[in-house]
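Chain naming here is simple, since letters A, B, ... match the order of the sequence lines and numbering starts at 1 in each.
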Amino acid sequence: MNYEQIIRLMLERGFLLPSSEIYADALAGFWDYGPLGVALKNKYVELWRRYLVRRDNMVEIDGCQIMPKSVFVASGHLAGFEDPIVSCTKCNLTLRADRLIQEKTGKIIPERLPNQELDNLISSNDIRCPNCGGNFGNVRRFNMMFKVNVGPSGEEAYLRPETCQSIFVDFPRLFKVMRCKLPVAFAQYGKSFRNEISPRQSLMRLREFYQAEIEVFFNPDKANEFEKFDAVKSEVLRLALDGEKLEEITAAEALEKGYLPNKLIAYYLVILKQFYQYAGLDVKRSRFRKLGDDEKAFYASSAFDFEVETSLGWIELVACNHRGDYDLSGHSKVSKKDMTVLDGDRDVLPNVFELSMGVDRSIYAIIEHSLVVDGERTVLRFKPYLAPIQVGVFPLVTRDGLPEAAKQIYSKIKLNFEAFYDESGSIGRRYRRMDEIGTPFCITVDYQTLEDNTVTIRDRDTMKQDRVKISELEQALQRRLFTYSP
RNA sequence: GCGGGAUUGGUCUAGUGGUUAGGAUACCAGCCCCCCAAGCUGGUGGUCGCGGGUUCGAAUCCCGCAUCCCGCACCA
C-alpha cells in the first residue's frame with residue numbers, strides 16, 4: 001500500500017483526524033490523533049522508555065513548551081533558525097535570498113549577511129525572477145518559530161522548536177539533584193512547534209509535532225572510554241556514508257575504519273537501531289546516513305540521520321547530532337551561569353550527542369512497515385506490545401448463553417488489557433476487523449466453554465487457535481502480549 | 001509561496017443549471033448461527049469544503065479563501 005492508502009486507512013479507523021476539520025479556516029500542518037492513534041503512540045513511547053531510557057539509566061523530564069526569548073538567543077534559533085527570503089513583485093514566487101544569489105553569481109553567500117547587503121547583491125547582479133522575469137522586492141527574514149506573548153505586558157516568548165532546549169536549560173540543577181556523573185543521558189518526550197512554510201504529507205511535516213529526544217552529556221576527552229560499547233560492538237549497522245552507497249558493518253569495524261567518531265556515538269546508534277527492531281520496523285529498509293556539511297543543522301559538528309524506506313521514499317526518523325558544547329556554552333554565555341560539571345577531579349563543559357526522534361513519523365513508518373495485504377486479508381502486524389487494541393472478545397454465536405459468558409470474561413479482562421467486545425456479524429468478519437487494526441489476539445467463547453470453562457485464543461499472524469482455561473487466561477495473554485522480540 | 005489536480009453521508013463514488021442528490025461499502029437493528037469477512041430483511045446518516053456572486057433556479061457557472069495530493073521552492 002502506498003502513502004495515500006495508508007493515510008486513508010488511518011483516517012477511517014480512527015488513528016488520525018484532520019485538526020479542526022469542521023471549520024473552513026482549518027490550518028495546514030495540524031493533525032489530531034484518534035483513539036487508536038493515541039493508543040499506538042503511547043505504547044510506542046513506553047517502548048522508547050523501556051529500550052532506551054530505562055535500559056540506559058537515562059533521566060527523563062517533561063519541560064514547558066513556551067520558553068522565554070533568551071533561551072533562543074542562546075540556542076541560536078533566533079538567528080540561525082531564520083532564513084532570508086525574497087519574493088517576486090510580479091508572481092510572488094518566494095525564494096531563499098542567499099541561495100538565489102549564490103546560484104546566479106556562483107559566489108558563496110553567507111546566510112547571516114544583512115538584508116541590505118543581500119538587496120544590493122540582487123540589484124547589482126540584476127537578478128530577476130526565474131519564473132516570470134519580474135523584479136524582486138526587499139529581502140526579509142522568515143523565522144520558523146512561533147512567537148507568543150506572555151502575560152498582560154505581552155512579554156516576547158516562543159514555542160520551542162525542539163524539545164531539547166528544556167534539557168539544556170535544566171541541566172545544571174538536574175545534574176546536581178539527580179546526583180549525575182558523566183556520561184549521562186537526559187530524555188524527553190513532548191511537543192515541538194515549527195512554522196513550516198509548506199507542511200505536507202500529514203505526519204511527515206507537521207507544524208505541531210512530537211519529539212522524543214535524548215541528549216547524552218559526556219566528557220569529550222573520554223568519548224572512547226565507554227565500557228557499555230563492548231556489549232554491542234558486534235551489532236551490525238547499515239551505514240550510508242557517501243550518497244546512496246550502503247555498507248553493512250559491525251559497530252566495532254565502523255569505529256576502526258573511522259566511519260564513526262567514537263565508542264559513545266557508536267553505542268547509541270546501535271541501541272537506537274535495536275529499539276526500532278523491537279518497535280517492528282523493518283530494519284533491512286533502514287540506514288544511518290552521514291550528512292554532508294551543507295545538510296547539517298547549524299549546531300551540529302557531525303550528524304547521522306536514521307532513515308527508513310517507505311512508499312514516500314527514504315524518510316528521516318531520527319537526527320543523531322554531535323552538538324559539541326554548542327548548547328551549554330551558548331546558554332552559559334547568555335545566562336552567565338556556569339554550566340561546567342565535575343568529572344573526576346576536573347571541571348568540564350560536557351559535549352552533547354543527541355538522538356532527536358520524530359515520533360509522528362516513526363508511527364507512520366511503523367504502520368507502513370507493519371501493513372500486510374494478503375489476498376483479501378488486510379493485517380497490521382504490530383508487535384503485540386504496540387497494538388492499540390490488545391484483545392478482542394467474541395461469543396461464537398449470539399445464543400445459548402454464549403454472549404453472557406463472553407461479556408463476563410470481557411468485563412474482567414478489560415481492567416488489565418485493552419479489550420474490545422464484539423458480537424455483530426459472523427465470527428470470521430469479527431476476526432478480520434481486528435486484523436485490520438492490528439489486534440494480535442482474539443478470545444472466542446464457544447459451546448465447549450460452557451462445558452469445561454476454556455476459551456480459544458486466536459493468533460492474528462498465524463490464525464491458529466489455542467485453547468486455555470479461563471482461570472489461566474490473563475496469564476496466557478500477559479505472556480503473549482509482553483514477549484518482547486526484535 | 002508558485003504552478004497543476006482535487007474537495008458530494010465514515011470511506012469510495014454517480015450526478016456539468018431545474019422535481020424530496022443516486023449507488024456501493026461501512027455502520028445499526030432483526031433473522032440466520034455459521035470458527036476466519038462481504039446470506040436475508042429493514043434502517044440511520046449527506047444540502048454537496050467555506051464565503052460571496054451570476055441566475056427565476058447551482059453540487060453543477062464565476063470570484064475569493066481553506067484543506068488535501070503532485071511538481072518547484074522550503075525543511076533550523
S.K.: Checking only heavy atoms, does the side chain of A/Arg13 share a donor-acceptor pair with the base of B/G10 at less than 3.5 Å?
M.R.: no
S.K.: Would you please say whether a donor-acceptor pair under 3.5 Å links the side chains of A/Ser311 and A/Glu368?
M.R.: yes
S.K.: Starting from P on B/C27, measure out to CD on A/Glu423 and report it in whole angstrom.
M.R.: 14 Å
S.K.: Can you measure A/Arg433 atom CZ to B/U25 atom C1' for me and round it to whole angstrom units?
M.R.: 13 Å
S.K.: Given Watson-Crick or G-U pairs with both distances under 3.5 Å, what dot-bracket string fits RNA chain B, with | for other-strand pairs and [ ] for crossing?
M.R.: ((((((((.[[[[.)..(...]]]].(((((.......))))).....[[[[[..)....]]]]])))))))....
S.K.: Looking only at atom P, what distance separates B/C48 and B/A59, rounded to whole Å?
M.R.: 7 Å
S.K.: Would you find more than 12 non-hydrogen atoms of other residues, nucleotides or ligands less than 6.0 Å from A/Lys69 atom NZ?
M.R.: no
S.K.: Quick one: A/Glu4 CD to B/A6 P, roughly how many Å, whole number?
M.R.: 14 Å
S.K.: Output the rounded distance in Å from CD (A/Gln5) to P (B/C12).
M.R.: 11 Å
S.K.: Could you state the CE-C1' distance from A/Met145 to B/C75, rounded to the nearest angstrom?
M.R.: 16 Å
S.K.: What does A/Phe394 touch in the nucleic acid at a heavy-atom separation under 4.0 angstrom: a base, only the sugar-phosphate, or nothing?
M.R.: nothing
S.K.: Do A/Arg467 and A/Thr456 meet the criterion of a side-chain donor-acceptor pair at a distance under 3.5 Å?
M.R.: no
S.K.: Does a salt bridge link A/Arg479 with A/Glu474, judged by any charged N lying under 4.0 Å from a carboxylate O?
M.R.: no
S.K.: For A/Pro18 and A/Glu196, find the nucleotide of RNA chain B closest to each by heavy atoms; which residue's nucleotide sits nearer the 5' end?
M.R.: A/Pro18
S.K.: Taking only residues two or more places apart in sequence, or in another chain, which ones meet A/Glu155 in a salt bridge (Lys or Arg N to Asp or Glu O under 4.0 Å)?
M.R.: none
S.K.: Among pairs that include at least one residue of residues 304-318 of chain A, which meet salt bridge (charged side-chain N to carboxylate O under 4.0 Å, His left out), considering only residues two or more places apart or in two chains?
M.R.: A/Arg287-A/Glu307, A/Arg289-A/Glu307
S.K.: A/Leu203 CG to B/C69 C1': how many Å, rounded?
M.R.: 15 Å
S.K.: Could you pick out which residue, A/Leu27 or A/Arg200, lies toward the 5' side of RNA chain B when each is mapped onto its nearest nucleotide?
M.R.: A/Leu27
S.K.: My understanding is that only one of A/Arg430, A/Arg433, A/Arg429 makes a salt bridge (charged side-chain N to carboxylate O under 4.0 Å, His left out) with A/Asp422; could you say which?
M.R.: A/Arg433
S.K.: Angle between ring planes, A/Phe353 versus A/Tyr268, binned at 30° and 60°: parallel, tilted or perpendicular?
M.R.: tilted
S.K.: Classify the nucleic acid contact of A/Ser202 as base, sugar-phosphate or nothing, counting any heavy atom under 4.0 Å across all strands shown.
M.R.: sugar-phosphate
S.K.: Hey, which of A/Tyr33, A/Tyr364, A/Phe382, A/Phe275 is the one that makes ring-ring contact (aromatic ring centres under 6.0 Å, His included) with A/Tyr44?
M.R.: A/Phe275
S.K.: Could you encode protein contacts along nucleotides 34-45 of chain B as a string, one character per nucleotide from 5' to 3', using B for base contact, S for sugar-phosphate-only contact and - for no contact, with a heavy-atom cut-off of under 4.0 Å?
M.R.: -BBBB-------
S.K.: Any protein N or O atoms within reach of nucleotides 48-54 of chain B? Criterion: under 3.5 Å, listing atom names and distances.
M.R.:
none

S.K.: Please determine if A/Arg205 and A/Asp360 form a salt bridge, counting it only when a charged side-chain N lies under 4.0 Å from a carboxylate O.
M.R.: no
S.K.: Nearest whole angstrom, please: distance from the P of B/G71 to the CG of A/Leu312.
M.R.: 10 Å
S.K.: Regarding A/Gly358, tell me which of base, sugar-phosphate or nothing describes its non-hydrogen contacts under 4.0 Å with the strands shown.
M.R.: nothing
S.K.: Measuring from the side chain of A/Glu12 (C-beta onward, heavy atoms only), which nucleotide among B/G10, B/C33, B/C70 has the closest atom?
M.R.: B/G10
S.K.: From CD1 of A/Ile6 over to P of B/U11, roughly how many Å is that when rounded to an integer?
M.R.: 18 Å
S.K.: Between side-chain atoms of residues 391-414 of chain A and protein atoms elsewhere (two or more places apart, or another chain), which donor-acceptor pairs fall under 3.5 Å?
M.R.:
residue  : atom : partner  : partner atom : Å
A/Asp400 : OD2  : A/Tyr447 : OH           : 2.5
A/Ser411 : OG   : A/Lys407 : O            : 3.3
A/Ser411 : OG   : A/Gln408 : O            : 3.0

